[in-house]
Amino acid sequence: MAESMEKLQLACRTVAQTHGIDRNLVYGEGRWPHPRIMLIGEAPGAQEEQQGHPFVGKAGKNLDHFIQVLALRREDLYITNTVKFRPIRVSSKGTVSNRTPTRTECSWFAEILEEEIRLVSPDIIVTLGNTPLAFFTCIPGTIGDVHGQLLSVTVQDTAFPLFPLYHPAAIIYNRALKTTYEKDLDALRTYLESTMG
Ligand code: URA
């Protein structure tokens, strides 16, 4: 099994090489197989790229809150991103900032994410924002339509519960979403409690 995860990482490096991405890649990590939650974010940011781990730095603070509300530990999760490199934009002054990955960039990693879900085989998938949600093409609409709802998706012939959340970064730019996000997290906690083994 570990060998399969290594193969996935190799596949990530091949994708990067094929598309001329000369950046540090950030792979998924955590408990597998069968974590309580497989958390899928958008893409690594600067801190993640530098440290080589998903959801560290500022995003890690959001993750700590997520874990605390759900009464879990980081070790109960598997954490990954839709694309495994940091998409950047460079301003005319040379300032580097994060940007949302394009649909094309996401499609480069789609097969890898599919295989990753099969290997990890979580109790539930939680997506953050529109980018990982768009990977599940069977889900109609965007995060505004489906956040906080328990859905089901089929990946390689296996059905998984899916719970879409807003991306915590969206809350920074739209404070009105904070209450919604907290309510959705609460609903997820209730669901997890109801399915405790
Ligand atoms: N935001 C994400 O979606 N993923 C990370 O790893 C960090 C920030």
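Indexing begins at 1, ligand by ligand and atom by atom, following the structure's order.
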Give a yes or no answer on whether the side chain of Arg31 reaches the backbone of Glu75 with a donor-acceptor pair at less than 3.5 Å.
-> yes
Filter the ligand 1-protein atom pairs down to N or O on both sides and distance under 3.5 Å, then list them.
{"residue": "ligand 1", "atom": "1 (N)", "partner": "His167", "partner atom": "NE2", "Å": "3.4"}
{"residue": "ligand 1", "atom": "3 (O)", "partner": "Glu42", "partner atom": "N", "Å": "2.8"}
{"residue": "ligand 1", "atom": "3 (O)", "partner": "Asn81", "partner atom": "OD1", "Å": "3.4"}
{"residue": "ligand 1", "atom": "3 (O)", "partner": "His167", "partner atom": "NE2", "Å": "2.9"}
{"residue": "ligand 1", "atom": "4 (N)", "partner": "Ala43", "partner atom": "O", "Å": "3.1"}
{"residue": "ligand 1", "atom": "4 (N)", "partner": "Asn81", "partner atom": "OD1", "Å": "2.7"}
{"residue": "ligand 1", "atom": "6 (O)", "partner": "Phe55", "partner atom": "N", "Å": "3.1"}
{"residue": "ligand 1", "atom": "6 (O)", "partner": "Asn81", "partner atom": "ND2", "Å": "2.9"}

Step through the shown structure and confirm whether more than 12 heavy atoms of other residues, nucleotides or ligands are within 6.0 Å of CD on Gln68.
-> no
Mind checking whether His147 and Tyr166 have parallel, tilted or perpendicular rings, split at 30° and 60°?
-> tilted
Considering residues, nucleotides and ligands other than Glu193, do more than 12 of their heavy atoms fall under 6.0 Å from its CD?
-> yes
For Glu111, look at atom CD and say whether over 12 heavy atoms of other residues, nucleotides or ligands are found less than 6.0 Å away.
-> no
Treat each ILVMFWY residue as a node, draw an edge where side-chain heavy atoms are under 4.5 Å apart, and state whether Leu25 and Phe55 are in one component.
-> yes
